[in-house]
Amino acid sequence: MAERTYRIHTAAELSGVSAELIRAWERRYGVPRPQRTPAGYRVYTGQDVALLRRMKQLTAEGMSIREAAAWASREAAQGPEVPPLLDPGEGPRPEAWRQAVLAAAERYDQVAVSQVLDEVLAALPPLKAFDEVLAPLQRAVGDRWHAGTLTVAQEHLVSQVVRARLVSLLHAAPQNAGHRHAVLGCFPDEEHEVGLLGTALRLRHAGLRVSLLGPRVPVKELGLMVAQLRPHLVGLSAVADPGAAAFEQTLGALMAALPPGVSVWVGGPAALRHASLCERHGARVFRPGDDWAALWT
């Protein structure tokens, strides 16, 4: 079976590098080197997409684009350290990808984690990659950390790569200007934002305009912003559980700061653990497996 290829706009979405920048890199530095269809269109392989992501990562770390192009090309020529997990005859195997990442985490091998997730993003559309690999992988990492089978360092090692890939997918996601608007942020003392990033990705692809605030959002500032923007919904992430009393105190302060009538959703392990408190304060709890459309209906 022939290797799967992508047109330039799909390669841009998968890599997080704009189509214009891809063309500029090709002209100036000779990478990537796309194939051409009989009609003359550029097409890119999964390796090309991985190369683009690597160049973007290296430049973000401070390397010049010329150096990044040479470095990424050398790495690609040496071949991946992780054998491909996509069998062209079988199609994508999310479970195999997830297990490969967990095995790499146990070895403290962040390069291998990155390579596997790059393969995932090259093989799957953004939402499918999130639903079938990134989100369940993050839950599995959290479960193993709680069970004591992964260390804090191993959990962070994976979470940082997952977060980086989600950010790249968000950069390539539609920037909607419609009337449906969501404001997303974490509880004031919450630092875990991977679930929030995934929610932002899902809502943007559903056509919503998203204002993403990230971790540790102050109560007062959230209230002022929501009062001014009047979004269709406010989504809050609560992962770490401070206990019922502290959770209720924080949630009560948040709900009091928000204008009446706004739809408030709370997600994350702490929200699930204190679902009755959320409902008592007028917030809806988002549960894994819920219909995402319920967020904006």
Side-chain angles (χ1 to χ4, degrees), residues 98 101-102 105-106 108 110 113 130-131 133-167 170 182-203 210-223 225-226 233-258 263-290 292 295:
R98 296 194 297 265
V101 170
L102 293 171
E106 291 173 356
Y108 295 96
Q110 195 168 50
V113 172
F130 170 66
D131 287 338
V133 181
L134 298 181
L137 172 63
Q138 196 63 25
R139 287 195 294 270
V141 167
D143 290 344
R144 292 194 179 199
W145 175 75
H146 282 292
T149 57
L150 281 183
T151 67
V152 172
Q154 289 167 331
E155 184 271 333
H156 286 187
L157 180 146
V158 176
S159 295
Q160 287 301 309
V161 180
V162 171
R163 182 190 179 280
R165 297 307 179 269
L166 279 171
V167 168
L170 271 172
V183 171
L184 304 180
C186 293
F187 267 37
D189 293 325
E190 182 58 68
E191 297 183 347
H192 299 84
E193 62 172 334
V194 169
L196 196 73
L197 293 171
T199 301
L201 179 69
R202 169 68 68 179
L203 295 183
V210 176
S211 297
L212 180 63
L213 304 181
R216 303 180 69 88
V217 177
V219 171
K220 183 178 178 180
E221 293 184 20
L222 176 66
M225 178 179 180
V226 172
L233 70 92
V234 174
L236 301 172
S237 178
V239 177
D241 183 7
F247 180 91
E248 184 170 20
Q249 181 179 10
T250 300
L251 179 62
L254 286 164
M255 297 300 291
L258 295 173
S263 177
V264 179
W265 287 78
V266 187
L272 292 172
R273 197 166 292 121
H274 303 296
S276 61
L277 293 177
C278 294
E279 293 162 3
R280 185 187 309 165
H281 285 270
R284 300 174 70 179
V285 178
F286 186 81
R287 294 173 171 82
D290 280 358
W292 283 92
L295 285 174

Donor-acceptor pairs under 3.5 angstrom involving side-chain atoms of residues 152-159: please list them, not counting sequence neighbours.
{"residue": "Gln154", "atom": "OE1", "partner": "Thr151", "partner atom": "N", "Å": "2.8"}
{"residue": "Gln154", "atom": "OE1", "partner": "Thr151", "partner atom": "OG1", "Å": "3.3"}
{"residue": "Gln154", "atom": "NE2", "partner": "Ala105", "partner atom": "O", "Å": "3.4"}
{"residue": "Gln154", "atom": "NE2", "partner": "Glu106", "partner atom": "O", "Å": "3.3"}
{"residue": "Glu155", "atom": "OE2", "partner": "Ser159", "partner atom": "OG", "Å": "2.9"}
{"residue": "Ser159", "atom": "OG", "partner": "Gln138", "partner atom": "NE2", "Å": "2.7"}
{"residue": "Ser159", "atom": "OG", "partner": "Glu155", "partner atom": "O", "Å": "3.0"}

**OP:** Might you point out which heavy atoms bring Ala271 and Cys278 nearest each other, and give the distance in Å?
**Re:** O-SG, 4.1 Å
Subject >> Nearest non-hydrogen partners of Val266 and Ala283, listed with the distance >> reply: CG2-CB, 3.8 Å
Subject >> Test side-chain contact (heavy atoms from CB on, under 4.5 Å) applied to Val264 and Leu254, Val226, Leu258, the passing residue >> reply: Leu258
Original post:
Can you check side-chain contact (heavy atoms from CB on, under 4.5 Å) on Leu137 and Leu102, steps first, answer last?
Top reply: CA-CA 8 Å; Leu137 172 63; Leu102 293 171; 4.1 Å; yes
**OP:** Nearest 0.5 Å please: distance from the CZ atom of Arg273 over to the CG atom of Asp241.
**Re:** 4.5 Å
Original post:
Should Glu248 and His274 be marked as a side-chain contact (heavy atoms from CB on, under 4.5 Å) after you check the CA-CA gap, both sets of side-chain angles, and the distance that decides it?
Top reply: CA-CA 8 Å; Glu248 184 170 20; His274 303 296; over 6 Å; no
Original post:
From Arg163 CZ over to Leu170 CG, what is the distance, rounded to the nearest 0.5 angstrom?
Top reply: 9.5 Å
Subject >> Distance-minimising heavy-atom pair for Phe247 and Pro242 >> reply: N-CG, 3.8 Å
Original post:
Between OG1 of Thr199 and CZ of Phe286, what distance do you get to the nearest 0.5 Å?
Top reply: 7.0 Å
**OP:** Measure the spacing between NE2 of His192 and CZ of Phe187 and express it to the nearest 0.5 Å.
**Re:** 14.5 Å
Subject >> Nearest atoms (heavy-atom pairs only) where Leu203 meets Ala182 >> reply: CD1-CB, 3.8 Å
Original post:
Between Pro188 and Thr250, what is the shortest heavy-atom contact and its length?
Top reply: CD-CG2, 3.6 Å
Subject >> Glu279, CD atom: more than 12 neighbouring heavy atoms under 6.0 Å >> reply: yes
Subject >> Gap between atom CG of Leu222 and atom CG of Leu184 - 0.5 Å precision >> reply: 10.5 Å
Original post:
Quick check: does any side chain N or O of Ser237 sit under 3.5 Å from a backbone N or O of Gly268, one acting as donor and the other as acceptor?
Top reply: no
Could you go through residues 210-220 and list every donor-acceptor pair under 3.5 Å that involves a side-chain atom there, pairing it with any protein atom two or more places apart or in another chain?
{"residue": "Ser211", "atom": "OG", "partner": "His181", "partner atom": "NE2", "Å": "2.8"}
{"residue": "Arg216", "atom": "NH1", "partner": "Glu191", "partner atom": "OE2", "Å": "3.4"}

Original post:
Going from CG on Leu197 to CG on Leu134, what distance comes out if it is rounded to the nearest 0.5 angstrom?
Top reply: 10.5 Å
